[in-house]
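What follows is a single structure, written as structure tokens, with notes after it.
Just so you know, ligand 1 is whichever comes first in the structure, and atom 1 is the first atom listed for that ligand. Keep in mind that what you see is a predicted model, and the values were worked out from it rather than measured.
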Amino acid sequence: MTRRQFVRLGAGAVAAGAAVKSTLLTPGMAAQTLAGERKIRFVIVGTGIRGNDLLKAARQVPTGVCVGAADLYTTRLEAGKEAWGGEIPTTRDYRTLLDRKDVDAVLVATTDHHHRRVTLDAIAAGKDVYCEKPMSHNVADGLAMVEAVQTNKRIFQAGSQRVSSPVYTKAREIYAAGKLGEVHWIDAHVNRNSPGGAWIYPVPADASPETVDWDAFLLDAPKRPFDPVRFFRWRLFEDYSSGLAGDLFVHLLSGIQTITGLNTAPSRAYSSGGLYHFKDGRDFPDFLETVYDYPGMQVNIHCNQNNAEGDDRTTVYGSKGTLVVVGTGVTFTPENTRPRFETYGWGGMTASQKKQGLDEWNAVHTAAPEALELTESFTLPQGHTFNDTADHIANFFRAVVTREHVLEDEVFGNHAAIACHMANHSYFHHNVATWDEETRKIKG
Ligand SMILES: NC(=O)c1ccc[n+]([C@@H]2O[C@H](COP(=O)([O-])OP(=O)(O)OC[C@H]3O[C@@H](n4cnc5c(N)ncnc54)[C@H](O)[C@@H]3O)[C@@H](O)[C@H]2O)c1
């Protein structure tokens, strides 16, 4: 096609992305773990849903071995052993595990309101810490954790495992190569539509004050009589959880920090939403949307528990292209930004004016148009066995050996958590939340 033909056909006729180049992603850190690396001896605190996932994933990581587990609910000590697939010492009091000199690291998979206490105790005992997301239950907790990690020179990794996923590593490469041009807007969401997706988890028949250490569970939260619903569905209550923001926003924000390299708290957050369907006494909305201001960048996050369309998706909009990240793949679609004679503005002119405009445009634009970038798509191979949690744990174990910072360290994790707390602050105060870096507090 000659330049002139291209100009006449206009942008729409040569669709950007008509051809797609597809590439399979390569395995992550767990699969690349080198033989001969020292085995990290770790214990786990919290063997509920996530703790069991961590233990199962850790079985795929040859550089670590579980040497103990703690949980406040007796039956979960058995669940932890099943998940690890072997006998391990268990206890309801995690502090007895921290006393052991043969333990290098602690995986913290407790309810959010225990993250600070267990992390600080583990650090005081000289251990490195992998702490589940959201890193903190409130801003003060996060700041205390950052200080403890840095003062004691410990390795800390927060637990948004997508940070170690080959999918996000590829998205980060595409972003860093500048393929997107100027990026000023990112939109991300996780949507669900089921009782489980709205945290209505089973309450086991054997739950009782004998099988559950209720006082230990409450910790600094308001005292109240034993309530198994609060224990097993703690995500519904602000005393222990941060709702949709702490549960799901944090993953999306950690992914965005990974892709863009943003590592700061947002300057402003405005939230809207509501509790529309799951009116079961919970404290949090079942739809939450937050608009964030980051330096030079607008980030919109929304999570819906009443419609699953769209699943888990992050879209990065740039002046030269769009990056879409879903669970198992990433696609870069270039924008057609080649100069073209734009006819719309000439619509109010005469035919001869239009012709004159086109002639002038053609006279200036003599060079052949640049080739369009290809749409590129990177996916995990079908039937892949990559597990981003295993990769994340492997990254942590390696850092425990090398003493090098992981990407999702205490600063990164704290920034993502602060953004979550700002989302809730804005929602509950019906106000714009701002981050004051000087006082290190949320205002508004
Ligand atoms: N990274 C992810 O994808 C992911 C997924 C789910 C949950 N999480 C996070 O993992 C954490 C746990 O969530 P969950 O779904 O497993 O909850 P859960 O209720 O299933 O399990 C939490 C367990 O922690 C135990 N616990 C609390 N305080 C303890 C303490 N001081 N000592 C010993 N045990 C203690 C409780 O007894 C409970 O069994 C949360 O912070 C959550 O946000 C992360």
* In plain terms, say whether Arg313 and Asp187 are close enough for a salt bridge, that is, a side-chain N and a carboxylate O under 4.0 Å apart. => no

* **From Phe217, Trp199, Tyr201, residue fulfilling side-chain contact (heavy atoms from CB on, under 4.5 Å) relative to Trp234** => Phe217

* Structure fact -> So for Trp234 against ligand 1, with non-hydrogen atoms under 4.0 Å, the contacting part is side chain

* Asked: Would Arg230 count as a cation-pi partner of Phe237, with NZ or CZ less than 6.0 Å from the six-membered ring centre and within 45° of the ring normal?
  -> yes

* Structure fact -> For Gln161, the ligand 1 atoms with a heavy-atom partner under 4.0 Å come out as 1 (N), 2 (C), 3 (O)

* **Numbered atoms and elements of ligand 1 in range of Pro134, under 4.0 angstrom, heavy atoms** => 43 (O)

* Could you list which atoms of ligand 1 come closer than 4.0 Å to a heavy atom of His251? => 1 (N), 2 (C), 3 (O)

* Asked: Are Lys320 and Glu335 within salt-bridge range, i.e. N to O under 4.0 Å?
  -> no

* Close approach of Arg117 to ligand 1, heavy atoms, under 4.0 angstrom -> no

* Could you pull out the closest heavy-atom pair between Leu218 and Lys223, with the gap in Å? => CD1-CA, 3.9 Å

* Asked: With a 6.0 Å cut-off on ring centres, are Tyr270 and Tyr292 close enough?
  -> no

* If hydrogens are left out, which of Lys133, Arg233, His114, Arg50 has an atom nearest to atom 42 (C) of ligand 1, that is, the closest non-hydrogen atom? -> Lys133

* Asked: So which protein heavy atom does atom 22 (C) of ligand 1 come closest to, and at what separation?
  -> Ala109 O, 3.7 Å

* Pick whichever of Thr110, Leu107, Leu219 has a heavy atom sitting closest to atom 27 (C) of ligand 1. => Thr110

* Which segment of Arg92 sits under 4.0 Å of ligand 1 when only heavy atoms are counted -> neither

* Compute the centroid of each ring, for Tyr130 and then for His392, and state whether the two points are separated by less than 6.0 Å. => yes

* Asked: Which ligand 1 atoms, with their elements, are less than 4.0 angstrom from a heavy-atom of Gly159?
  -> 1 (N)

* Which atoms from ligand 1 have a heavy atom of Tyr94 less than 4.0 Å away? -> 31 (N), 32 (N)

* **Among Asp206, Thr211, Asp213, side chain to side chain donor-acceptor pair (under 3.5 Å) partner for Tyr73** => Asp206

* Any N or O of Glu132 that comes nearer than 3.5 Å to an N or O of ligand 1? -> yes

* Asked: So, for Ala423 and Ser271, which heavy atoms are closest and what is the spacing to 0.1 Å?
  -> O-OG, 2.7 Å

* Which ligand 1 atoms, with their elements, are less than 4.0 angstrom from a heavy-atom of Gly48? -> 16 (O), 20 (O), 21 (O)

* **Which of the ligand 1 atoms, numbered from 1, are nearer than 4.0 Å to a heavy atom of Arg76** => 18 (P), 19 (O), 20 (O), 21 (O), 38 (C), 39 (O)

* Less than 4.5 Å apart, any side-chain heavy atom of Leu244 and any of Asp247? -> no

* To do: Mark up the atoms of ligand 1 that fall under 4.0 Å of a heavy atom belonging to Val45, in ascending order.
  => 32 (N), 33 (C)

* Asked: Does an N or O from His115, backbone or side chain, lie closer than 3.5 Å to an N or O of ligand 1?
  -> yes

